[in-house]
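Read through the structure below, which is laid out as structure tokens, and then see the notes.
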Amino acid sequence: MLKLAIKNIKERKFRSLLASFTIAIGTASLIVFLGLSDGIKQATFSELEKQSPLNQITVRPNNEKASPLSFIGSSKNKITDETIAQIAKIDGVTKVYPEIQYSNFSSLEIELLGESLVTDTMLFGVPKGFIENDLENPEDWDKTSEPYPVIVPRKLLDLYNLTVATSQDLPKLSEEILIGARPTLYPNYSTFFPVKDNQDEKIELEVVGFSDKVNFIGVTLPDNILKELNQKFNPEKPTNYIELFVETKDATLVPQVAAAIEKLDLSTFYLQKNLKDVEAKFTYLKITLGFISFVILLTAAISIISTFLATISERTKEIGLFRALGASKSHIKKLILIEAGIVGIVGSCMGIVLGLIGSVIIDQVGIGQLAQTTFTADTLFKITPALILQTLIFGTLLALISAYIPARKAANISPVKALNRL
Amino acid sequence: MIQLKNISKIFSSGKSKIAVVDDVNLEIKEGEFMALVGRSGSGKTTLLNLLGGLDSPTKGDIFINGKNISHSKDKELSEYRNKNIGFIFQEFHLQPFLTVKDNILLPTFFNSDDKNRVEYAKELIKEVELEGKTNSLVNELSGGQKQRVAIARALINKPKIIIADEPTGNLDEKTGETIIKLLKKLHKEHKITFVIATHDEKIASAAEKIIHIENGKIHHK
């Protein structure tokens, strides 16, 4: 029967190819749309995860609404050593890393590629454990004399390259160029705010690494150094804990640990919480794109129904002959469905190839566009073997379902009428 | 043995009803070569359809070796046609996109009984004198050769009955005679029951038994 079906398809090459092509367009759109929505979701999640691992909770004082710019209200700081000790005792907590903040504005001056750049900056301090994976030489963080080690948020470098460097015609910077650079810190001196009008105090720093985890509105120093600097230059202002990074044994414990922390009247932020929102948006995107694919596939299904109905109408005599030669109604149905299955498989395979080619093209264009932003992704598509297999099965099933009505019609052809034997 | 008991086939056209086959009683013995003679519209094709299980009678019963097939379900009737009946049509009804061999093998696509079907198809090609044409497309053949392919196709499932409806109707006189001779030869060799419908008395004279049909009724046995 398969042999007969293949011969029938070959006999009607053009029409079969046309039917396959409609399936191909539908399945290609499935590959592109579903691959794109999953790919963007994956790229977004991995970007978010870089900033906050899945087993990490960021804890901020409840009354400060957790803004990183909240240093102005620092007198209301509620994170204390006692709070840190309480959190460390919660079941499932493995590490608590406090982040402290310098209590005034400062400026940085850096000589790079023959240019001297001065910018205001905030100063933050974290313990070694929090950023040691971002350091090429973790022991750099232990240094207690000038130049003090400093870590730069990767986003800040991206923002500089994409906005400042481009608009001001300044040289673009890379991590390689900046590692080992020696910026000068002017504590309590601001180019914007009337804090202090001289640059008498100078502190030498050395860039030792880049991180996605550190606060992105300034540079980060070892917490002990920052404390010393704050005591020296702002003796009247205490060093504040602005947030805590709490690590749990594994990601599944995050919600329960967060709930325990919230009981201490603190706010918690963790990726899984944000992901729910993001995920809902991606589900909406996927449904929308899926609906577009569905409409395309529906068109393909209608086209298959009409193609097979037309073919069967042309093949009435042939089907009548098969019936006379002993084909039962189910044989005829099977024959038509085998033909539809072949059309579906060929169409789906064509669609998968088309979809993959389309994805590569769209990916290249998309990644090119994203190079102008701080969103970094290797690819915007997530096309897995499972998606390819599902598309193949779906395309084939669609062809089979669409051909069912024509197949039934064919099966009911009377051999007597079909062979003009009345 | 084939027995038709009080067989009628009535077609409705609006309010009127026409009995194309009207209360026919007939017996065909195993291995008989029978001719069904009648003019166009006499009801012979309808009678052959009933005999071949292509259609069901409005009234009466058809017994094949004692089994009543008149009210069988589609699957059963299809199997009956496939295994017991070989059809030869006036218009040949060959598949143009298939080779001679595949056209002959066509009825075997609907059953999976005989494993040596290809070998048997080759034997039949020899019997109908089409050696060298095995892999030719049927479009490349003459009318006589096409009917030989149709005859081989009718024999492929080793049926008990061959039903031939005007088998020479589309052939010239000489080719027609050759085909009748071939049918006679095959009847002798394969010991199959042959029922040939024709309007041509000359062709009918080749049969062992002649039945006349007119207005759906059998007149002479």
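Note that this is a predicted model, so its numbers are computed, not measured. A note on names: the letters A, B, ... follow the listed sequences, proteins ahead of strands, and every chain is numbered from 1.
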- Query: Between B/D74 (side chain) and A/S328 (backbone), is there a donor-acceptor pair under 3.5 Å?
  - Reply: no
- Looking only at heavy atoms, what is the nearest atom pair of B/D102 and A/K3, with distance? OD1-NZ, 3.3 Å
- Query: Within a radius of less than 6.0 Å around NZ of B/K160, do more than 12 heavy atoms belonging to other residues, nucleotides or ligands occur?
  - Reply: no
- Message: Can you confirm whether A/F21 is buried at CZ, in the sense that more than 12 heavy atoms of other residues, nucleotides or ligands lie under 6.0 Å from that atom?
- Response: no
- Message: Is the shortest side-chain heavy-atom distance between A/L321 and B/F87 below 4.5 Å?
- Response: no
- Has A/I6 got more than 12 heavy atoms of other residues, nucleotides or ligands less than 6.0 Å from its CD1? yes
- Item | Donor-acceptor contact below 3.5 Å, side chain B/N82 vs main chain A/L325 | yes
- Give a yes or no on this: more than 12 heavy atoms of other residues, nucleotides or ligands lie within 6.0 Å of atom NZ of A/K334. no
- Could you check if a side-chain atom of A/N8 sits within less than 4.5 angstrom of a side-chain atom of B/F97, using non-hydrogen atoms only? yes
- Task: Considering non-hydrogen atoms only, spot the tightest contact between A/G326 and B/F110 and give its length.
- Result: O-CB, 4.0 Å
- Task: Sort B/N84 into side chain, backbone, both or neither according to what part of it lies under 4.5 angstrom from a heavy atom of chain A.
- Result: neither
- Near A/D378 CG, under 6.0 Å, is it more than 12 heavy atoms from other residues, nucleotides or ligands? no
- Side chain, backbone, both or neither: which part of A/K317 has an atom under 4.5 Å from a heavy atom of chain B? side chain
- Task: Supply the atom-to-atom distance A/H331 NE2 to B/N111 CG, rounded to the nearest 0.5 angstrom.
- Result: 7.5 Å
- Query: Which value, rounded to the nearest 0.5 Å, describes the distance between B/Q95 atom CD and A/F322 atom CZ?
  - Reply: 4.5 Å
- Item | Distance-minimising heavy-atom pair for A/V416 and B/L54 | CG2-O, 3.4 Å
- Message: Taking atom CG as the centre, does B/N215 end up with more than 12 heavy-atom neighbours from other residues, nucleotides or ligands that are less than 6.0 angstrom away?
- Response: no
- Task: Find the distance between CG (B/L98) and CG (A/L4) and round it off to the nearest 0.5 Å.
- Result: 6.5 Å
- Item | Whether over 12 other heavy atoms sit under 6.0 Å from B/E30 CD | no
- Query: Got A/R323 and B/S78 here, is their nearest side-chain heavy-atom distance under 4.5 Å?
  - Reply: yes
- Has B/F63 got more than 12 heavy atoms of other residues, nucleotides or ligands less than 6.0 Å from its CZ? yes
